[in-house]
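One structure below.
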Amino acid sequence: RDRATDFSHPQKVKPLTDEERKRYALPSTDTNLVQTVHKITENAMTDLGKAKAIYEWMVETMVCGYNKKADTIRRDSADLNVLFVRLANAAGLPARIIYGLRIAPSLFGYTSLGAPSEEVTKAQHIRAEVWLEDYGWTPVDPSDVCKLVKEGGAASVASTDAKLVSA
């Protein structure tokens with residue numbers, strides 16, 4: 001399904017239970033990760049501000065696909081969305097990974113954002129969700145931006161290409 005959140009209209013949402021908070025707000029013991037997320041979110045005052053800062057930092061700094069250097073790892077939807085969840089948790093935000101299939105074509109015309117055909121056995125996708133007090137579980141997918149840059153031929157995520165900006 002198409003997932004979008006209207007951030008101009010906060011909602012009354014049922015808060016997470018203590019058990020849910022324990023499950024999805026795992027504190028980080030990784031000092032480097034905690035220091036990094038502190039720098040990323042130091043000017044954010046709300047949970048939405050923290051999530052947005054993390055997302056924007058990832059979009060500005062991520063690299064996806066394979067790099068020919070031996071010391072780099074493949075960064076795909078799983079890697080990038082797990083990183084978002086770990087950074088969100090380190091910032092004190094509940095977050096989780098959602099596994100599924102892309103079963104419909106992309107509304108924007110990008111092959112990588114939809115099922116390429118009716119055969120969806122290779123359309124697996126992993127994305128993140130972050131819990132925001134005024135919005136509930138909110139979809140987040142920094143890997144999609146990376147895929148669009150790669151598929152659309154833009155030089156970077158800072159591209160002003162109209163199709164990329166629209167997506």
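For Glu20, there are no salt bridge (Lys or Arg N to Asp or Glu O under 4.0 Å) partners, not counting sequence neighbours. In this view, Arg21 and Glu133 satisfy the side chain to side chain donor-acceptor pair (under 3.5 Å) rule, not counting sequence neighbours. Considering only residues two or more places apart in sequence or on other chains, Tyr55 meets the ring-ring contact (aromatic ring centres under 6.0 Å, His included) condition with none of them. For Trp131, the ring-ring contact (aromatic ring centres under 6.0 Å, His included) partners at least two apart in sequence or on another chain are Trp137. Scanning for side chain to side chain contact (heavy atoms under 4.5 Å, CB included) contacts around Gln11 gives Val13, with sequence neighbours left out. With sequence neighbours excluded, the residues satisfying side chain to side chain donor-acceptor pair (under 3.5 Å) with Ser8 are Asp6.
Criterion: ILVMFWY side-chain heavy atoms under 4.5 Å apart, direct or through other members. Under it, Val34 and Ile54 are not part of a common hydrophobic cluster. Note on Leu33: it does not cluster hydrophobically with Leu26, by side-chain heavy-atom contacts below 4.5 Å among ILVMFWY residues.
With values rounded to the nearest 0.5 angstrom, Leu48 atom CG is found 5.5 Å from Leu132 atom CG. If you take CD on Gln35 and CG on Asp30, they are separated by 9.0 Å, rounding to the nearest 0.5 Å.
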Which atom pairs, one a donor and one an acceptor, fall under 3.5 Å between side chains of residues 86-100 and the rest of the protein, sequence neighbours left out?
residue : atom : partner : partner atom : Å
Asn89   : ND2  : Tyr24   : O            : 2.9
Asn89   : ND2  : Leu93   : O            : 2.9
Arg96   : NE   : Glu129  : OE1          : 2.8
Arg96   : NH2  : Glu129  : OE1          : 2.8

Side chains of residues 37-46: which donor-acceptor partners sit under 3.5 Å, not counting sequence neighbours?
residue : atom : partner : partner atom : Å
Thr41   : OG1  : Val37   : O            : 2.7
Thr46   : OG1  : Gly49   : N            : 2.9

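In this structure the side chain of Pro142 reaches within 4.5 angstrom of the side chain of Val140, judged on heavy atoms.
Among all heavy-atom pairs drawn from Ala128 and Val85, the shortest one is CB-CG2, 3.9 Å.
The list of ring pair (Phe, Tyr, Trp, His ring centres under 6.0 Å) pairs with a residue in residues 77-97, not counting sequence neighbours, is empty.
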